[in-house]
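Scroll down for the structure; my scribbles are underneath it.
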Amino acid sequence: MTEVTYLEAIRQGIWEEMERDPAVFLIGEDIGTLGGPFRVTEGMQAKFGAERVIDTPVSEQAIIGAAAGAAHMGHRPVCEMQFIDFIACAYDMLTNYVATARYRAGLRTPIVVRGPSGGYVRGGPFHSQNPEAAFLHTPGLKIVCPATARDAKGLIKAAIRDEDPVLFFEHKYLYRRIKEELPEGEEVLTPIGVARVAREGSTLTIVTWSAMVWKALEAAEQLEREDGIQVEVLDLRTLLPMDEAAIIASVKKTSRVLVAHEDTRTGGVAGEIIARINEHCFEWLDAPARRVCAHDVPLPYAPPLEDFVLPQTDDLVAAARWL
Amino acid sequence: MTEVTYLEAIRQGIWEEMERDPAVFLIGEDIGTLGGPFRVTEGMQAKFGAERVIDTPVSEQAIIGAAAGAAHMGHRPVCEMQFIDFIACAYDMLTNYVATARYRAGLRTPIVVRGPSGGYVRGGPFHSQNPEAAFLHTPGLKIVCPATARDAKGLIKAAIRDEDPVLFFEHKYLYRRIKEELPEGEEVLTPIGVARVAREGSTLTIVTWSAMVWKALEAAEQLEREDGIQVEVLDLRTLLPMDEAAIIASVKKTSRVLVAHEDTRTGGVAGEIIARINEHCFEWLDAPARRVCAHDVPLPYAPPLEDFVLPQTDDLVAAARWL
Amino acid sequence: MTSPDTPASSAPLAAGLNRWQLLELYYWMRLTRSLEERLVLLHRQGKVVGGLFRSLGQEADAVGSAYALEPGDILSPLIRNLGSMLVKGATPLEVLRQYMAKAQSPTAGRELNIHFNDLERGFLGQVSPLGAMVPVMAGIALHFKLTKQPRVGLVYVGDGAMSTGAFHEGINFAAVQRLPLVVVCENNGYAYSTPARLQTAAAHLTDKAIGYGIPGLRADGNDVIATYETTRVAVDRARAGGGPTLVELVTYRRKGHAEHDDQRYVPAGEIEAWGRNDPIDRYRARLTETGWACGPDLTLTDERVAAELDEALARCIDEPFPDSSTALTGVYADPLAAPAEWYRSLTPRPPHD
Amino acid sequence: MTSPDTPASSAPLAAGLNRWQLLELYYWMRLTRSLEERLVLLHRQGKVVGGLFRSLGQEADAVGSAYALEPGDILSPLIRNLGSMLVKGATPLEVLRQYMAKAQSPTAGRELNIHFNDLERGFLGQVSPLGAMVPVMAGIALHFKLTKQPRVGLVYVGDGAMSTGAFHEGINFAAVQRLPLVVVCENNGYAYSTPARLQTAAAHLTDKAIGYGIPGLRADGNDVIATYETTRVAVDRARAGGGPTLVELVTYRRKGHAEHDDQRYVPAGEIEAWGRNDPIDRYRARLTETGWACGPDLTLTDERVAAELDEALARCIDEPFPDSSTALTGVYADPLAAPAEWYRSLTPRPPHD
Ligand SMILES: Cc1ncc(C[n+]2csc(CCOP(=O)(O)OP(=O)(O)O)c2C)c(N)n1
Ligand SMILES: Cc1ncc(C[n+]2csc(CCOP(=O)(O)OP(=O)(O)O)c2C)c(N)n1
Ligand SMILES: [Mg+2]
Ligand SMILES: [Mg+2]
């Protein structure tokens with residue numbers, strides 16, 4: 001066992017898959033000699049060569065389109081978006097080409113599109129986004145958002161092995177802030193589509209994912225300390241496909257639920273989750289499920305503004321107490 | 001009063017605004033001599049000249065980006081996407097540039113992006129889409145989806161006069177299928193952000209918009225005939241901003257609600273609506289609000305497949321009876 | 001084609017092609033046009049479910065360019081490249097089924113017209129968003145390069161598609177990586193109603209090659225031999241590791257963008273003028289004048305095409321649409337099918353009181 | 001600048017610029033560099049909230065190109081165009097406030113570094129997605145054309161940004177419409193860590209102009225006079241209705257992409273070599289050698305720059321961040337503010353039993 005950061009865990013996962021399967025290659029901007037702005041692919045070009053770690057022009061459509069073409073032929077490309085915000089530039093390629101390829105044409109497109117997402121880092125409006133909601137309504141894609149180092153490793157490996165295109169949203173706030181002991185020898189693999197109970201509880205469920213899981217855990221501890229209530233924290237880990245069963249099970253157990261995410265509220269993923277809760281366990285609810293999300297504005301740069309716009313631990317505490 | 005089609009109503013609305021305000025110009029592919037594939041801009045280049053009806057290269061990013069730049073300087077451009085499906089090519093420009101311009105930089109960007117959307121026309125996966133859900137979580141944009149000829153005219157005029165960017169999704173199935181008497185002299189203007197009760201009812205509410213409004217009305221009549229129940233049909237008309245008050249009022253009245261839309265279910269707009277219903281009138285609900293949406297697949301071409309994937313009037317009837 | 005490749009006929013006569021191959025070029029062009037003519041009839045009869053797109057007058061550029069590829073090479077067509085698809089082994093039966101959305105169509109009724117693929121035979125059907133196939137085909141060429149296979153990718157773009165960001169990003173990436181990709185631009189004068197001069201200010205579309213640091217070649221797209229020869233140069237260069245080439249084939253779209261388009265935007269006389277430059281008429285004349293083929297060969301070929309189309313049509317005309325039960329499968333490898341929506345499996349309750 | 005424009009000093013000495021203007025060019029370059037040096041210190045002190053981006057060695061291309069514009073013209077910068085912004089009237093005070101996210105910053109703390117704009121003064125701050133400003137500036141040039149104003153738009157792109165689809169669509173549209181737009185490419189050798197040869201296979205970035213059917217011009221970006229003169233040709237052409245020009249300014253990014261970048265990817269000696277080609281050193285030497293300016297002029301200018309920066313910094317260093325209550329306003333003209341989320345206005349209930 002050694003302690004690895006969330007970032008190192010992703011790096012290890014990619015490295016292991018590169019070693020295991022020659023069909024895997026990496027493609028993106030500045031991932032070679034630089035190793036990417038956050039060093040997720042550090043040392044990989046030196047180890048695996050420039051043919052398997054391809055530095056591209058500033059061309060997100062080309063990165064993802066070329067990955068798709070190579071994937072049709074048997075490769076398993078892993079694409080890096082330098083910041084996930086720029087995935088917007090390849091929105092057509094992802095939603096119209098990649099996502100539909102299997103259904104309309106029986107084409108295999110096992111690609112991973114990964115990159116740093118998320119706020120709380122003073123990144124301003126274009127280096128802080130959480131694009132889950134932009135792709136949730138795209139059948140054919142899978143969406144993964146790990147919260148822990150173990151899941152970051154286990155899910156990147158599962159994503160690379162998956163037969164279908166997977167969007168892998170890393171949270172840059174977690175990159176170096178969280179550490180975890182990971183087994184040396186044995187292989188870490190986390191199944192896509194399966195949620196994780198991050199904390200057992202009986203009074204209330206917080207359904208969330210990615211960096212918000214840690215805020216939910218903080219809130220849960222505070223609520224136990226101060227109010228003596230047991231909050232269950234459900235870490236979805238995968239948003240598409242969504243682990244409906246895990247959500248239903250937890251809600252039936254606690255009868256009270258908050259859905260929390262970092263993206264803006266209107267049109268965010270929480271709406272989908274609440275609709276499903278409503279469809280499947282309406283009768284079990286003691287109170288309406290409520291959302292704790294960012295305010296409906298672009299994410300501003302100045303600390304007091306970013307802190308105000310994004311949901312904080314205190315907000316989860318207040319919302320839980322009110323519920 | 002003369003009878004005009006939904007398509008002619010849009011055309012009249014644009015024409016009147018072009019005459020009223022020299023700041024308005026049209027920009028898009030094949031909107032000039034051709035008048036667009038559906039002839040929405042028929043005759044406009046002849047009347048207003050090639051400088052105000054600009055045929056562009058096949059470049060959605062350029063169309064919307066250039067419109068935004070001109071809008072900053074005082075113009076009110078109306079952009080046509082030849083089929084709304086291709087708005088995906090300008091996703092970055094719309095969500096990262098246009099939508100954020102006022103908030104981050106105080107820039108006026110009064111543009112309209114319009115085009116034919118929707119299925120039921122054997123268009124296959126790339127000529128049938130309903131992209132509402134792709135933009136609902138983008139603060140700074142407005143989204144309009146008219147269902148009637150009157151609203152098509154009233155809303156396109158309101159959209160052109162709006163101070164902020166408006167996505168105007170026309171439904172191609174309705175273009176020539178519906179007609180309505182519109183007053184000659186007086187001006188037709190429909191406020192953005194205000195829903196419309198398309199049919200009064202007391203037993204159940206169907207919340208919907210665009211072409212689905214007509215299926216809801218058919219279902220309502222059948223349910224009255226066969227089951228003697230009074231279904232209220234709420235036509236949202238605008239999705240962003242959403243007329244929450246109108247939804248709440250109707251749900252409090254009927255205590256039963258179906259949310260119906262043509263787009264796929266997962267991640268669709270219905271989730272947001274149900275979350276709001278849940279937040280604001282949970283106690284008034286006699287049964288969980290349910291969704292009637294398309295199946296979670298790309299839209300196929302063959303009639304039996306398209307008909308199966310999309311929600312139909314019978315589905316609304318069955319869902320209403322069950323609820 | 002079944003005609004025996006006898007020594008006599010195998011001596012190269014032009015562009016390194018023998019009698020048999022020269023006649024085959026005619027066969028593919030004729031097959032393309034006749035198939036489209038059948039589709040027009042079917043369209044009038046309401047048997048074509050969606051739109052119908054013609055390549056009348058462009059058969060030579062489609063056929064000649066695709067003919068420059070070898071087995072194992074892969075192309076991606078545009079809407080006017082029915083001929084290219086046929087050369088690469090797509091069958092009239094498949095095309096008829098696609099247009100009529102038959103259950104037996106290659107996409108089982110899910111996609112339209114020539115939007116279908118078989119990477120074994122060597123074609124990857126396009127999606128509608130223009131330009132998107134350029135990055136994708138760059139990826140297929142990247143696969144050839146990474147696996148060190150002497151195979152080539154070829155992607156078609158129109159004068160319109162070249163204005164898209166996807167085209168730019170894809171061809172630029174291919175150029176930087178020196179990928180075995182040939183980008184064939186069919187300059188047919190129009191993008192829907194938009195004339196090429198409103199699409200670019202460049203004097204020639206091949207000028208764009210300079211901006212990407214790759215060679216550009218231009219040929220008369222209505223001359224099937226010239227089209228073949230020119231594309232062949234680009235294909236050979238790509239296969240030899242010389243990287244991408246932009247090939248411009250100058251032709252003309254004599255029909256509307258789709259069947260319903262009345263071409264109101266076309267200057268009077270233009271279509272007729274190009275009609276006098278018909279690629280099939282030109283090639284027929286050339287075949288007989290040069291003696292590469294004789295009248296009977298051509299008549300025989302025409303009859304054979306007609307017979308093949310009769311047979312294909314007879315086989316599929318009465319086939320059913322796909323069954324609705326197939327609509328939900330294959331979005332993902334796992335799960336195998338999307339769930340049917342709840343409202344489809346309801347036992348109606350008694351009317352509300 | 002305040003120095004009186006006396007007849008003596010107003011006679012053109014070079015590139016049609018008089019003594020006063022030639023000295024002003026020096027002033028802008030010096031101001032740019034010194035301002036960045038202040039920002040480096042502030043960054044080390046943790047006063048710069050986000051990242052810090054340098055234009056060390058590129059001051060001449062930024063200043064000289066912007067200096068070619070007239071009042072009423074509008075430019076859109078890239079991250080290395082602090083100098084261009086200053087020339088167009090953005091103040092050091094505004095820039096300092098932006099970096100430090102002060103309440104008084106032009107964007108009230110909402111946006112970073114030089115992402116701010118004033119269309120009156122003539123600059124439109126960029127967004128992060130590269131290339132996006134090219135279509136937008138084409139739109140501003142379109143406005144000039146439609147309103148028949150003799151005004152010009154200028155947009156900066158890097159060697160990297162030119163690979164984006166947005167760049168392609170924007171410059172192509174501008175070329176077809178012959179819009180008064182100048183596209184200035186700062187070829188500084190790198191896009192983050194990516195050398196220009198991995199960005200394009202073209203021999204020169206100006207080759208891309210050919211593909212768009214517009215003129216291309218290249219100049220030594222470290223020679224402020226050459227940069228000014230070359231850009232001026234493009235600006236005059238645009239103003240005269242001659243349409244867009246692509247101007248390549250050859251320079252070098254001597255610092256990392258951002259402060260944290262250790263430039264591990266740069267070949268040894270390269271940075272030093274370019275250090276010996278410093279645009280400010282070069283211009284200082286030239287000014288004195290030619291006698292356009294004398295030592296005291298330069299010392300005076302340096303002192304003035306230092307004084308202005310001292311004053312600007314003193315003014316804003318202790319200013320507060322914006323108040324959180326301002327976070328929700330101005331997403332739309334109507335409503336004026338987004339609602340505060342429900343969880344911010346709760347009276348806590350008693351703990352659950
Ligand atoms: C990104 C995108 N925008 C718009 C369209 C609508 N559209 C379909 S075909 C066409 C014109 C294509 O012209 P060209 O590329 O020259 O091909 P041609 O039809 O002439 O063979 C357009 C604009 C599209 N398919 N994709
Ligand atoms: C569409 C997009 N993709 C990726 C990035 C990340 N990124 C920021 S700056 C940069 C390099 C820019 O290089 P260049 O255009 O040459 O400008 P320079 O920094 O050299 O002035 C990259 C890749 C971005 N901002 N936008
Ligand atoms: Mg064309
Ligand atoms: Mg650069």
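Being a predicted model, the structure only gives us computed values, none of them experimental. Chain identifiers are assigned alphabetically (A, B, ...) following the order of the sequence lines, protein sequences preceding nucleic acid strands; residue numbering begins at 1 within each chain.
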Checking His295(A) side chain against Glu341(D) main chain: does a donor-acceptor pair fall under 3.5 Å? yes
Trace of the side-chain contact (heavy atoms from CB on, under 4.5 Å) decision for Leu346(D) with Arg321(A): CA-CA 9 Å; Leu346(D) 295 177; Arg321(A) 286 189 171 139; over 6 Å; no
Just by modelled atom types, is the Val317(A) backbone N or O under 3.5 Å from a matching donor or acceptor in the Tyr343(D) side chain? no
Over 12 non-hydrogen atoms of neighbours within 6.0 angstrom of NZ in Lys252(A): yes
Where does Ala88(A) contact chain D at under 4.5 Å (heavy atoms): side chain, backbone, both or neither? neither
Do you know which of Ala101(D), Ser163(D), Ala340(D) has the most heavy-atom pairs under 4.5 Å to chain A? Ser163(D)
With a 4.5 Å cut-off on heavy-atom pairs, point out which of Pro37(A), Ala62(A), Cys89(A), Pro298(A) contacts chain D the most. Pro37(A)
What one should report as the nearest heavy-atom pair of Leu34(A) and Arg264(D) is O-NH1, 3.7 Å
Without swapping roles, check the side chain of Tyr192(D) against the backbone of Glu29(A) for a donor-acceptor pair under 3.5 Å. no
Contacting moiety of Val331(D), where chain A heavy atoms sit under 4.5 Å: side chain
Turns out that what part of Ala108(D) lies under 4.5 Å from chain A's heavy atoms comes down to backbone
Is it the backbone or the side chain of Leu258(A) that comes under 4.5 Å from a heavy atom of chain D, or both, or neither? side chain
Ala327(D) versus chain A, the contacting section by heavy-atom distance below 4.5 Å: both
Sidechain-backbone polar pair: Tyr301(A) side chain, Met100(D) backbone, donor-acceptor under 3.5 Å: no
Most chain D-contacting option - heavy-atom pairs closer than 4.5 Å, from Pro57(A), Gly32(A), Ser59(A), Pro300(A): Pro57(A)
Just checking, is any N or O donor in the side chain of Asp30(A) or Ser193(D) under 3.5 Å from an acceptor N or O on the other one? yes
Please collect all side chain to side chain donor-acceptor pair (under 3.5 Å) contacts where either partner lies in residues 83-95 of chain A, sequence neighbours excluded, each pair once. Asp92(A)-Asn96(A)
Is Asp314(A) close to chain D through its backbone or its side chain, or both, or neither, when contacts mean heavy atoms under 4.5 Å? neither
Listed by residue number, which members of residues 318-325 of chain D have a heavy atom under 4.5 Å from any heavy atom of chain A? Phe321(D), Pro322(D), Asp323(D), Ser324(D)
Which atom names give the shortest non-hydrogen contact between Ala338(D) and Val297(A), and what distance separates them? CB-CG1, 3.9 Å
Closest heavy-atom pair, Leu112(D) versus Pro125(A), reported as atoms and distance to 0.1 Å, is CD1-CD, 4.2 Å
Taking the cut-offs as 6.0 angstrom to the six-membered ring centre and 45 degrees off its axis, would you call Arg344(D) and Phe308(A) a cation-pi pair? yes
What are the residues of residues 38-50 of chain A, in order of number, with any heavy atom under 4.5 angstrom from a heavy atom of chain D? Arg39(A), Glu42(A)
When you measure from the side chain of Trp342(D) to the backbone N and O of Arg291(A), does any donor-acceptor pair fall under 3.5 Å? yes
Which distance, rounded to the nearest 0.5 Å, do you find between the CD of Gln82(A) and the OG of Ser128(D)? 11.0 Å
Does anything in residues 197-206 of chain D get under 4.5 Å of chain A by heavy atoms, and if so which residues? Leu198(D), Gln199(D)
Most heavy-atom pairs under 4.5 angstrom with chain D, which of Asp55(A), Val58(A), Thr33(A)? Val58(A)
Interface residue of largest heavy-atom contact number with chain D, from Glu60(A), His127(A), Arg265(A), under 4.5 Å: Arg265(A)
Shorter than 4.5 Å, heavy atoms on both sides: which option in Ala161(D), Ala258(D), Ser105(D), Gly160(D) has the most such pairs with chain A? Gly160(D)
Heavy-atom pair count under 4.5 Å with chain A, highest-scoring of Thr107(D), Val127(D), Leu130(D), Asp262(D): Val127(D)
